[in-house]
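Have a look at the structure below before the remarks.
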Amino acid sequence: MLLALWLNASASAGPVTHYYTVTVDYSLTWLWVEARFTHPVDSIAARSKNAAKYLLDVRGCDEDPGIRLRNRRMMLPADGIRCLNYTVDLKRVANEFRESSDLSSNNIVASPAYWLWRPELFGNAQIQVDFRLPENMQVSVPWQEADRSINRYVLSHSPESAYSPAIFGQFDYREIEVPGAILRVSLLDVEADINNDAIFDFVQATATDVSLAYGRFPNPSPQVMVVPISNSRSSEPVTFGRVVRDGGETVELFINAEEPLKNLLGDWKATHEFSHLMLPYLRSEYHWISEGFAQYYQNVLLTRAGEYDDEYAWQKLYAGYERGRKSRPELSPNAAAAGAARSARMKVYWSGAALALMADVTLRERSGGEESLDSVLGRFQECCLPSQKVWTGPEFFARLDSLATEPVFMPLYHRYADTAGFPDTSEVLGRLGLRVSDDQVTIRRKAELQELRKDILRTYAPVAQWRGQLATN
Ligand SMILES: [Zn+2]
């Protein structure tokens with residue numbers, strides 16, 4: 001009886017929706033927000049502690065309710081208010097973006113962390129945001145699209161791993177199709193002569209790499225932001241990339257502006273970042289799992305996509321495992337990731353990659369090739385991605401085990417996660433037929449698991465051919 005009552009109550013509750021209207025002026029100098037709350041609210045906050053610096057004025061919609069600011073929190077009257085207006089110095093917010101000097105005056109990046117003052121979004125609470133923009137201007141946010149034609153988006157609870165970008169102005173926005181997803185890609189407008197089509201091809205190809213794990217991209221509608229940098233200190237084609245999970249999933253890619261497509265395609269970083277979306281957001285002490293799986297997959301996927309040959313991929317994996325082994329041998333993976341010491345970086349990046357290989361080989365061997373890390377992650381995507389919550393390592397691994405025929409992940413976790421040193425990969429590499437001499441990997445023709453080894457990296461010809469064509473254009 002109680003259960004029935006509870007079910008009825010929660011079914012009729014529906015989401016709690018607050019309504020925001022965000023207006024931006026044509027010179028991208030000001031941003032005005034009107035916030036209408038569904039129930040009286042007595043406190044709202046912005047995510048950045050610097051947000052108050054950019055707040056120019058705030059008042060109630062009808063009368064002055066007496067609002068006090070305390071750090072990043074707005075203290076409203078105790079009985080709450082239902083409507084609020086405020087103005088933000090958008091031009092100054094835009095300077096928080098670290099590459100703002102590279103952008104043309106046509107567009108800015110202004111994270112909502114600095115301008116979105118809102119109630120906490122517990123449970124099914126959400127905010128519907130309508131953007132009012134000058135003619136010819138666009139906005140890009142990672143939030144769920146309710147109706148792009150009228151710039152209406154919905155923001156709900158998320159891991160808030162970092163500050164997501166909001167892009168305003170004139171920039172090249174395209175919806176790029178890859179298996180299982182439409183990427184919402186924004187290429188920022190910069191003062192440099194760049195080949196936009198080539199950059200969108202690069203995004204499409206590297207996101208397609210990830211679909212070579214289980215046939216589709218893990219998030220059906222992520223935001224992608226590409227920032228071309230003109231005077232980068234880095235000579236690498238992709239200078240930096242990261243994933244942000246804040247109101248949705250964003251992949252940010254910073255690239256050298258005039259780099260030819262062939263070089264962009266040869267850089268592993270975009271494939272690495274997109275691979276991160278196969279996992280949910282894990283708490284920081286478990287980042288060795290997220291980084292490790294991405295390191296494993298970037299090498300596997302770039303080989304399946306025809307960019308690497310088998311020997312090169314195994315060499316990269318082997319070399320990574322060696323770097324991991326030499327990094328802070330007195331620490332366990334959990335301790336290394338929790339400590340976040342720079343000297344333990346390689347342990348954090350490669351311990352999880354060792355476990356990924358071990359799990360992959362065990363799953364394939366045990367099932368005669370019916371199961372693999374790919375297929376288990378594919379099932380995980382079906383049940384659980386994209387995920388709004390922050391996971392622990394054991395939660396994630398236990399869930400993967402529940403999706404496999406027999407557990408493999410938690411046994412590896414128990415053995416290695418809190419054990420000093422580095423997972424010993426020599427046995428599995430040997431069985432796969434990889435011989436190492438003077439740190440050089442060669443592939444033996446005959447080995448116990450030779451077929452399994454070939455299956456892991458097997459090239460998918462249509463993608464390899466397409467990538468090959470792109471590289472010669
Ligand atoms: Zn990473």
Side-chain angles (χ1 to χ4, degrees), residues 205-215 237 262-272 274-275 278 291-325 349-350 352-378 423-472:
T206 50
T208 298
D209 292 344
V210 178
S211 73
L212 300 181
Y214 46 77
K262 180 180 190 312
N263 298 357
L264 290 170
L265 291 171
D267 191 309
W268 53 265
K269 289 184 211 77
T271 305
H272 172 101
F274 285 125
S275 298
M278 290 197 279
E291 288 309 337
F293 275 51
Q295 292 291 91
Y296 179 67
Y297 266 110
Q298 90 202 20
N299 290 295
V300 167
L301 296 172
L302 283 167
T303 314
R304 292 182 189 166
E307 189 65 36
Y308 294 171
D309 67 29
D310 288 30
E311 198 160 81
Y312 184 72
W314 289 118
Q315 179 68 45
K316 297 253 290 180
L317 287 168
Y318 168 78
Y321 296 148
E322 284 308 295
R323 287 200 296 279
R325 197 179 319 284
Y349 270 72
W350 287 99
L355 262 59
L357 172 67
M358 290 172 171
D360 201 4
V361 170
T362 305
L363 287 162
R364 287 171 188 268
E365 193 180 3
R366 219 168 45 185
S367 65
E370 289 293 305
E371 223 169 29
S372 62
L373 188 57
D374 300 328
S375 68
V376 174
L377 287 176
D424 185 4
T425 50
S426 57
E427 194 206 331
V428 66
L429 292 176
R431 294 178 67 220
L432 289 168
L434 302 161
R435 188 199 343 233
V436 183
S437 136
D438 289 336
D439 279 337
Q440 286 303 307
V441 175
T442 47
I443 298 179
R444 283 178 210 273
R445 259 202 283 151
K446 291 242 173 291
E448 185 191 349
L449 301 180
Q450 56 182 16
E451 291 308 316
L452 192 158
R453 182 196 70 226
K454 289 180 198 160
D455 284 347
I456 292 176
L457 299 183
R458 194 174 309 281
T459 306
Y460 184 63
V463 168
Q465 278 161 13
W466 173 48
R467 259 180 163 268
Q469 273 163 14
L470 289 178
T472 53

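Any value given below was found using the heavy atoms of this structure, including those in side chains, with hydrogens, waters and symmetry copies removed.
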What pair of heavy atoms forms the shortest contact from [X] to [Y], and how long is it?
{"X": "Thr303", "Y": "Tyr308", "answer": "CG2-O, 3.4 Å"}
{"X": "Leu457", "Y": "Val300", "answer": "CD2-CA, 3.7 Å"}
{"X": "Thr271", "Y": "Ser275", "answer": "O-OG, 2.7 Å"}
{"X": "Arg325", "Y": "Pro423", "answer": "NH1-O, 3.7 Å"}
{"X": "Ala471", "Y": "Leu265", "answer": "N-CD1, 4.1 Å"}
{"X": "Gly433", "Y": "Ala447", "answer": "CA-CB, 3.3 Å"}

Kindly compute the distance separating [atom1] ([X]) from [atom2] ([Y]), expressed to the nearest 0.5 Å.
{"X": "Leu363", "Y": "Leu377", "atom1": "CG", "atom2": "CG", "answer": "9.5 Å"}
{"X": "Phe293", "Y": "Gln298", "atom1": "CZ", "atom2": "CD", "answer": "14.0 Å"}
{"X": "Glu365", "Y": "Leu449", "atom1": "CD", "atom2": "CG", "answer": "5.0 Å"}
{"X": "Glu322", "Y": "Thr425", "atom1": "CD", "atom2": "OG1", "answer": "7.0 Å"}
{"X": "Lys269", "Y": "Thr206", "atom1": "NZ", "atom2": "OG1", "answer": "12.0 Å"}
{"X": "Arg304", "Y": "Leu301", "atom1": "CZ", "atom2": "CG", "answer": "6.0 Å"}

Any non-hydrogen side-chain atom of [X] less than 4.5 Å from a side-chain atom of [Y]?
{"X": "Leu317", "Y": "Leu357", "answer": "no"}
{"X": "Lys316", "Y": "Trp268", "answer": "yes"}
{"X": "Val361", "Y": "Ile456", "answer": "yes"}
{"X": "Asp374", "Y": "Tyr297", "answer": "yes"}
{"X": "Tyr318", "Y": "Val436", "answer": "yes"}

side-chain contact (heavy atoms from CB on, under 4.5 Å) between Asp455 and Arg458, intermediate numbers included: CA-CA 5 Å; Asp455 284 347; Arg458 194 174 309 281; 2.4 Å; yes
Between the side chain of [X] and the main-chain N/O of [Y], is any donor-acceptor distance below 3.5 Å?
{"X": "Asp360", "Y": "Leu373", "value": "yes"}
{"X": "Asn299", "Y": "Gln295", "value": "yes"}
{"X": "Gln315", "Y": "Val441", "value": "yes"}
{"X": "Arg453", "Y": "Leu432", "value": "yes"}
{"X": "Ser375", "Y": "Glu371", "value": "no"}

Plane angle bin for Tyr321 and Trp350 - parallel if under 30°, tilted between 30 and 60°, otherwise perpendicular: perpendicular
Ala305: side chain to side chain contact (heavy atoms under 4.5 Å, CB included) partners, not counting sequence neighbours: Asp209, Leu212, Val463, Arg467
Listed once per pair and sorted, the salt bridge (charged side-chain N to carboxylate O under 4.0 Å, His left out) pairs that draw on residues 433-446, sequence neighbours left out: none
